[in-house]
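Note that these values count all heavy atoms, side chains included, but never hydrogens, waters or copies made by symmetry. None of these values were measured; they are calculated from a predicted model.
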Amino acid sequence: MESTALLRPFPSPSFHLLHRHLSARSLPPSAPTFPLLRSLSSSRRCSPVIPRHALPNPRNKPLHSVIRAAASSPPPPPHPLPTGVKPLPLAISVGIGLAVRFLVPRPVEVTPQAWQLLAIFLSSVTGLVLSPLPVGAWAFVSLTATVITRTLSFSAAFGAFTNEVIWLIVISFFFARGFVKTGLGDRIAIHFVKWMGKSTLGLSYGLTLSEAMIAPAMPSTTARAGGVFLPIIKSLSLSSGSRPGEKSSKKLGSYLIMSQFQSAGNSSALFLTAAAQNLLCLKLAEELGIKIASPWVIWFKAASFPAILCLLATPYFLYKFYPPETKETPEAPALATKRLEGLGPITRNEWTMIGTMLLAVTLWVFGETLGVASTVAAMLGLSILLLLGVLDWDDCLNEKAAWDTLFWFAVLIGMAGQLTNLGVVPWMSNCVAKSLQSFSLSWPAAFGLLQGSYFFIHYLFASQTGHVGALYSTFLAMHLAAGVPGLLAALALAYNTNLFGALTHYSSGQAAVYYGAGYFDLPDVFKMGLLTALFNAFIWLAAGSFWWKFLGLY
């Protein structure tokens, strides 16, 4: 490591020529030489000593000119990082699939084709956790395995790529990019800081409520975190002397980021279009026979009471259990006002973004009545943004996360659907249901046990959507087999999918964004993640049970 660092200032071939010239001609035999120069001249990479007339100095320029030219030569390109598969994660992922396929006895109720697909699916899910390759690449390898082994036909393997929900998720990424590109998300959040930011607690409420406001029209929690809220919070924290990685981080930054991090899951759970995994959950529920009419409205009605209570309670809860050192922030509204002055008046593109998203949300709410599908509404909105120049096609092409999501979502949904069609998921749910019945559990008790298991298993996952693709269908089938009302089970699992995104520093995209800011330590993440999860679970269970009974979900 040290020798490599020493070599970096002297990378150019001209330097080696110059050194050989100095060593051979300029210095007397008895003159001392630097060990580094000596090692360079003795390296096997060096060419033979070149005479003075062969140096790249055809006009016989002064020696200092040659030195200056050699020093300013551009460095060679860095060696590319090793690419390809990671051997150990690959061995574990493939090994699990092979063990299920060849070592675990196949139940008589499951066909050989279904059992082989289950083995490939488990290998795929393990790879999503261990990452032997990037997610999209691993999904492609898994899909190829299903075709090569003739587990699925080509058309069956790629059938999910025409799924409407997947394309709705992809277009949602483009909407989020529009919010960031136009600066509209910044403007909304800064206005809330201006209105509510005189105290640290008020500042936290302003940021939390602004995220809940833009969530239905900016359907990516990670984009909201990294593109809007983290930059604003860092700016406010640094202006108050709260710096990451120092004791001063506790003054303001650690509390604001922790509060925003823990509240974001409730904002995502409040609206169907606030997070990509919400749409995925309802699609998987539909494959198990639970089709929801007017899904946007039903989702919001069921989530509204417990989610709003948690949004109002979480900042105060953390204010007591993870308190900031600075309680008053009188300078925050002034900073927000100055920032708004810098942004200037609302631009044409921002007005276009506002109008387009109002149109899209209106169609999502009343789409069933008007006969406009959610995906068609999103397509219309994106077309408007492209036609009016708010987004250009390069913006869409450069949104790599959207295209990556398209691919691996399609693979997961396709495999999960085929496992259901081939009878694997019903077989697994019946086995679990029989076990629960042996304990004589009522459906409410089974509901609590399964929901808790689904939630805390997320400690093993580094992705909310990966968790959904791996376990949502199975757990929903277990609920149905245990007698839990289908709509209640489907929605509760989906809400939990958002809430467990703040358990750890790796449990979601926004978790990585907020933890990477450097304002809190790893033990704080796990401690406050668990405490807030239990706090949210209590509110959702108590308030949600009453509310869902009132709505007739059970």
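- To the nearest 0.5 Å, atoms OG1 (Thr532) and CG (Asn266) are separated by 10.0 Å.
- With contacts defined as side-chain heavy-atom distances shorter than 4.5 Å, the pair Ser123/Ser142 does not qualify.
- Residues Gln418 and Gln113 are not in side-chain contact: their nearest non-hydrogen atoms beyond the backbone lie 4.5 Å or more apart.
- A donor-acceptor distance shorter than 3.5 angstrom exists from the side chain of Glu350 to the backbone of Thr347, with no hydrogens or angles considered.
- Counting all heavy atoms, side chain and backbone alike, Gly227 lies closest to Asp186 at O-OD1, 3.8 Å.
- For the 3.5 Å distance criterion, the side chains of Trp296 and Thr273 qualify, holding a donor opposite an acceptor.
- With a 6.0 Å radius and a threshold of 12 heavy atoms from other residues, nucleotides or ligands, Phe526 has its CZ atom above the threshold.
- In this structure, Tyr515 contributes its side chain and Asp521 its backbone to no donor-acceptor pair below 3.5 Å.
- At least one side-chain heavy atom of Phe461 sits less than 4.5 Å from a side-chain heavy atom of Val125.
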Trace of the side chain to side chain donor-acceptor pair (under 3.5 Å) decision for Asn498 with Gln277: CA-CA 8 Å; Asn498 294 287; Gln277 62 268 12; 3.0 Å; yes

Steps toward side-chain contact (heavy atoms from CB on, under 4.5 Å) verdict (Phe161, Ile166): CA-CA 8 Å; Phe161 282 84; Ile166 295 175; over 6 Å; no

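- More than 12 non-hydrogen atoms from other residues, nucleotides or ligands lie less than 6.0 angstrom from CZ of Phe407.
- Thr221 and Ser268 form a side-chain donor-acceptor contact under 3.5 Å, judged by distance and modelled atom types alone.
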Thr126 and Trp138: CA distance, side-chain angles, deciding distance, side-chain contact (heavy atoms from CB on, under 4.5 Å) verdict: CA-CA 10 Å; Thr126 306; Trp138 183 249; over 6 Å; no

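- For the pair His458 (side chain) and Ser507 (backbone), a donor-acceptor distance under 3.5 Å is present.
- Note: His467 and Phe500 meet the aromatic proximity criterion, with ring centroids under 6.0 Å apart.
- Panel note: side chain Tyr506, backbone Tyr459; a donor-acceptor pair is recorded below 3.5 Å.
- Not a single donor-acceptor pair under 3.5 Å links the side chain of Trp547 to the backbone N or O of Ala542.
- A side-chain N or O of Asn496 and one of Gln451 form a donor-acceptor pair less than 3.5 Å apart.
- Annotation for Phe538: atom CZ does not count as buried by contact number, only 12 or fewer foreign heavy atoms lying within 6.0 Å.
- For the pair Trp167/Asn163, no side-chain contact is recorded, criterion being any heavy-atom separation below 4.5 Å from C-beta on.
- Taken from OH in Tyr322 to NZ in Lys527, the straight-line distance is 9.5 Å, to the nearest 0.5 Å.
- Annotation for Glu164: atom CD does not count as buried by contact number, only 12 or fewer foreign heavy atoms lying within 6.0 Å.
- For the atom pair CG of Leu385 and OG1 of Thr182, the computed distance is 9.0 Å after rounding to the nearest 0.5 Å.
- Around NZ of Lys327, the count of heavy atoms belonging to other residues, nucleotides or ligands within 6.0 Å exceeds 12.
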Working for ring-ring contact (aromatic ring centres under 6.0 Å, His included), residues Phe535 and Trp540: CA-CA 9 Å; Phe535 177 71; Trp540 276 83; over 10 Å; no

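- Taking the centre of each ring, Tyr255 and Tyr319 come in below the 6.0 Å mark.
- Counting only distance, with no hydrogens or angles, the side chain of Trp427 and the backbone of Val110 share no donor-acceptor pair below 3.5 Å.
- The six-membered or imidazole ring of Phe271 lies away from that of Trp364, with a centre-to-centre distance of 6.0 Å or more.
- The six-membered or imidazole ring of Tyr514 lies away from that of His505, with a centre-to-centre distance of 6.0 Å or more.
- Counting only distance, with no hydrogens or angles, the side chain of Thr146 and the backbone of Leu143 share a donor-acceptor pair below 3.5 Å.
- Here the closest heavy-atom approach between residue Ala378 and residue Ile171 is recorded as O-CG2, 3.6 Å.
- Under a cut-off of 6.0 angstrom, the local environment of NZ in Lys198 is sparse, with at most 12 non-hydrogen atoms contributed by other residues, nucleotides or ligands.
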side-chain contact (heavy atoms from CB on, under 4.5 Å) between Val411 and Phe121, worked out: CA-CA 10 Å; Val411 172; Phe121 180 75; over 6 Å; no

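- Among the candidates Arg187, Met218, Glu211, the single residue satisfying the side chain to side chain contact (heavy atoms under 4.5 Å, CB included) test with Val228 is Met218.
- Looking at Ser204 and Thr208, their side chains come closer than 4.5 Å, going by heavy atoms from C-beta outward.
- Taking 4.5 Å as the limit, some side-chain heavy atom of Ser545 sits within range of a side-chain heavy atom of Tyr554.
- Panel note: side chain Ser210, backbone Ala189; no donor-acceptor pair is recorded below 3.5 Å.
- In this structure, CG on Leu256 lies 5.5 Å from CD1 on Ile233, to the nearest 0.5 angstrom.
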Intermediate values then yes/no, side-chain contact (heavy atoms from CB on, under 4.5 Å), Val100 and Trp115: CA-CA 8 Å; Val100 171; Trp115 194 249; 4.0 Å; yes

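- Although no hydrogens or angles enter the test, the distance criterion places no donor-acceptor pair under 3.5 Å between the side chain of Glu286 and the main chain of Lys291.
- Using a 4.5 Å heavy-atom threshold, the side chains of Tyr495 and Pro306 count as separate.
- Taking each heavy atom of Arg348 and Leu388 in turn, the nearest pair found is NH2-O, 3.1 Å.
- Residues Trp548 and Phe305 place their aromatic rings such that the two centres sit no closer than 6.0 Å.
- When side chains are defined from C-beta on, Val372 does not count as touching Phe366, because their heavy atoms never get closer than 4.5 Å.
- With values rounded to the nearest 0.5 angstrom, Leu309 atom CG is found 10.0 Å from Thr314 atom OG1.
- If you look at Phe179 and Phe175, their ring centroids are not closer than 6.0 Å.
- Formation of a donor-acceptor pair under 3.5 Å by the Asp395 side chain with backbone atoms of Arg177 is not found in this model.
- A pairwise comparison of heavy atoms in Thr200 and Pro324 identifies CG2-CG, 3.6 Å as the closest pair.
- Taking all atoms of both residues into account, the shortest heavy-atom contact from Leu252 to Leu236 is CD2-O, 3.9 Å.
- Here the OG atom belonging to Ser263 is positioned 6.5 Å from the CG atom belonging to Leu318, to the nearest 0.5 angstrom.
- Among all heavy-atom pairs drawn from Ala114 and Val424, the shortest one is CB-CG2, 3.5 Å.
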